[in-house]
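Notes for the one structure printed next.
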Amino acid sequence: MDEETLNKLAVEALLEEAKLGARRAEIMGPSGWTKPKETVNKRFLHSTLRNVVLSNKHRSSRKDKGSKHYSCKENKK
């Protein structure tokens with residue numbers, strides 16, 4: 001490829017990227033010009049999921065104990 005063709009392709013790529021940024025900016029405002037992050041903070045995700053699972057286990061065990069207690073009261077009536 002000659003230099004002129006490469007420059008033309010580079011200009012087209014930059015214009016396309018600018019159009020996408022403008023579309024994102026219409027929806028999200030000025031922060032739309034920044035490219036979206038494609039990586040996930042795996043440490044944060046792992047700790048969040050672990051804590052949610054532990055919390056759900058704790059709540060379900062409290063709920064099970066509470067439901068047995070309420071069923072005993074209902075039987076006495």
Side-chain angles (χ1 to χ4, degrees):
M1 288 189 164
D2 61 340
E3 195 170 321
E4 187 176 321
T5 307
L6 288 175
N7 283 339
K8 185 178 178 181
L9 290 173
V11 168
E12 288 176 4
L14 289 172
L15 288 173
E16 185 64 30
E17 188 175 338
K19 287 177 186 176
L20 289 174
R23 283 189 216 140
R24 286 193 307 263
E26 286 177 7
I27 297 169
M28 299 185 301
S31 64
W33 282 102
T34 59
K35 289 185 179 179
K37 207 173 190 182
E38 296 193 18
T39 60
V40 174
N41 186 341
K42 292 180 182 179
R43 183 175 178 185
F44 173 77
L45 180 62
H46 178 72
S47 65
T48 302
L49 290 174
R50 183 187 66 231
N51 290 335
V52 167
V53 168
L54 291 174
S55 176
N56 287 343
K57 284 182 182 178
H58 179 69
R59 284 186 181 179
S60 66
S61 68
R62 280 183 28 196
K63 195 174 187 181
D64 290 341
K65 289 179 184 177
S67 64
K68 289 178 185 175
H69 182 70
Y70 288 123
S71 64
C72 292
K73 282 185 177 180
E74 289 175 2
N75 290 338
K76 289 180 181 179
K77 288 182 181 180

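- The list of side-chain hydrogen bond (donor to acceptor under 3.5 Å, both in side chains) pairs with a residue in residues 42-56, not counting sequence neighbours, is empty.
- Within the structure, the salt bridge (Lys or Arg N to Asp or Glu O under 4.0 Å) test picks out no pair touching residues 6-16 (sequence neighbours left out).
- The other residues sharing a hydrophobic cluster with Leu15 are Val11, where clustering joins ILVMFWY side chains under 4.5 Å apart.
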